[in-house]
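Structure, as structure tokens:
Note that the structure is a prediction, hence the values are computed from the model and not measured.
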Amino acid sequence: MLRIRAWKYLPAIAFMAAASPASTRVDISDESVAQALVSLDLVNAIYSECNLADDGSGRRVFQSWSERNRVEELQTTLIQIVSDREALSGKREKISQLASQQAGRMLPEACSQFSQLLRIDDMNPLQRYPQLQERLTDSTPRSAKGKGRVEASRDTGHNVSVTNSYNPEHAESTTDAIEFVVFDYLPRGGEFAVVPVMLFENGEACTDMALITEYQDAEQHKRQHPARWRQWRFQGDRVQLKGEGDWQDVQYQQQYTGFPEGYRFDHRYKRLNSMSSGGGNFAMASRHIELNKDGTFISGQATFANSENSTTGAQASVASLPDNRTGRYRVEGYLLTLEYDSGEVVHKSIVTDDQDDPEVIWINGYDYVSY
């Protein structure tokens with residue numbers, strides 16, 4: 001069982017708490033502001049790491065949580081408080097890193113218990129810190145933004161429901177501005193992984209390809225994930241990135257572009273997350289997707305957990321194998337569109353390091369390996 005009440009990262013942000021007095025507008029401590037930001041970042045990290053945007057129930061839980069906490073407005077308000085307070089100024093990137101590390105420790109159990117996780121008070125900052133409601137920059141009632149919209153399927157002409165936070169204008173402008181993609185070895189979820197990095201015409205770089213499909217605009221992403229942005233340049237014929245430190249060569253120098261329109265796959269892919277906490281306790285979550293030459297796809301997921309009583313040695317196991325989902329897909333540039341037979345449409349970013357034989361693809365920045 002995931003011990004979601006044990007926030008091991010809270011002592012790590014306690015150093016931010018005591019320096020500055022509470023605002024005259026609202027009595028909320030620096031530590032509470034930092035914890036509220038961590039909770040937002042943590043939920044977003046788990047949602048992304050678990051690829052829940054293409055899971056109907058997970059997506060609905062996330063959207064309900066976002067509306068309940070007025071996440072867009074709350075994020076803007078918290079960033080403003082951070083910039084105004086001396087004790088918190090400059091700590092935004094550190095907060096994001098702490099949330100990412102904690103998400104890594106909670107996976108993959110957090111994937112299967114996402115609904116329970118989002119019901120905990122600590123994960124609902126607007127409820128836990130009601131003083132923040134006075135500080136929201138926009139008092140507009142909760143809207144239906146992100147709940148979905150209707151568009152016509154390119155293949156069938158039927159109306160389909162778009163249920164993730166995809167903004168087609170943002171996706172188009174973002175992909176148009178990409179010079180090319182490189183791969184680097186970067187921290188992710190408390191570990192290091194090979195991560196695709198988008199290099200833009202204006203000299204900016206972003207290490208999170210979910211920017212294309214999961215955000216309304218680049219500024220929203222920068223507010224929530226400032227540590228995922230860099231500058232890039234050529235030093236001779238080598239690509240370099242610069243974050244807070246010095247310019248450094250990327251690990252892999254080969255440059256990649258998007259897929260041609262109408263590209264077809266003929267592979268089955270899987271992504272696996274696993275975690276062992278010792279003492280016979282183990283959890284595993286996997287996702288798979290089969291992309292066929294005829295434009296159809298089959299996707300699914302599975303979770304398995306095993307726990308052992310350290311005193312008696314008794315073991316208990318639980319597995320979850322939801323039915324696979326089917327539909328049609330299309331690929332263009334850096335965009336993968338999944339049109340489920342149910343009528344749902346999900347958009348994902350996609351890239352590979354070998355279009356001739358794509359044995360590995362990165363969907364929203366996470367690697368899926370052919371099997």
Would a line drawn from the ring center of Y334 to the ring center of F259 be shorter than 6.0 Å?
no
Main chain of I120, side chain of N124: is a donor-acceptor contact present, judged purely on distance under 3.5 Å?
yes
Any sub-3.5 Å donor-acceptor pair from E214's side-chain atoms to H221's backbone N or O?
no
Between F297 and Y269, does the ring centre distance come in under 6.0 Å?
no
Members besides I298 in its Ile/Leu/Val/Met/Phe/Trp/Tyr cluster (side-chain heavy atoms under 4.5 Å):
none
Would you name the heavy atoms of P196 and W362 that are closest together and state the gap between them?
CD-CD1, 3.5 Å
Are the side chains of V360 and T352 in contact, using a 4.5 Å heavy-atom criterion?
no
Salt-bridged, R325 to E344, with N to O below 4.0 Å?
yes
Where R68 and L118 come nearest, the two heavy atoms and their spacing:
NH2-O, 3.0 Å
Any donor-acceptor N/O pair, S66 side chain to V71 backbone, under 3.5 Å:
no
Hey, does the side chain of Q355 reach the backbone of G258 with a donor-acceptor pair shorter than 3.5 angstrom?
yes
Got a donor-acceptor contact below 3.5 angstrom from the S64 side chain to the R60 backbone?
no
Consider side chain to side chain donor-acceptor pair (under 3.5 Å). Of R328, K348, H347, which one does T337 pass it with?
H347
Does atom CD of E201 have more than 12 heavy-atom neighbours from other groups under 6.0 Å away?
yes
Before accepting this row, confirm whether a basic side-chain N of the pair E290/K270 lies closer than 4.0 Å to the acidic partner's carboxylate O.
no
Can you find a pair of side-chain heavy atoms, one from L211 and one from T174, that are under 4.5 Å apart?
yes
Should we say atom CD of E172 is surrounded by more than 12 heavy atoms from elsewhere, each under 6.0 Å from it?
no
Within the structure provided, determine whether L132 and I81 are in side-chain contact (heavy-atom separation under 4.5 Å).
yes
Would a single hydrophobic cluster contain both L42 and Y215, if residues Ile, Leu, Val, Met, Phe, Trp and Tyr are joined by side-chain heavy-atom contacts under 4.5 Å?
no
Looking at N292, is its backbone amide N or carbonyl O close enough to the side chain of Y329 to form a donor-acceptor pair, meaning the two atoms are under 3.5 Å apart?
yes
Once ring-ring contact (aromatic ring centres under 6.0 Å, His included) is applied, do any residues pair with Y366, and if so which ones, sequence neighbours excluded?
none
Got a sec, which hydrophobics cluster with L241, joining ILVMFWY side chains under 4.5 Å apart, including via others?
F180, V182, L186, V195, V197, L199, W232, F234, V239, V250
Measure from the side-chain N and O atoms of S349 to the backbone N and O of N364, and report whether any donor-acceptor pair falls under 3.5 Å.
yes
Look at the side chain of H267 and the backbone N and O of Y371, then say whether any donor-acceptor pair between them is shorter than 3.5 Å.
no
When hydrophobic residues are tied together by side-chain contacts of less than 4.5 Å, even through go-betweens, does V346 share a cluster with I363?
yes
Heavy-atom donor-acceptor pair, R287 side chain to C50 backbone, under 3.5 Å:
yes
For a 4.5 angstrom cut-off between non-hydrogen side-chain atoms, does V194 reach D367?
no
Short question: side chain of D294, backbone of T296 - any donor-acceptor pair under 3.5 Å?
yes
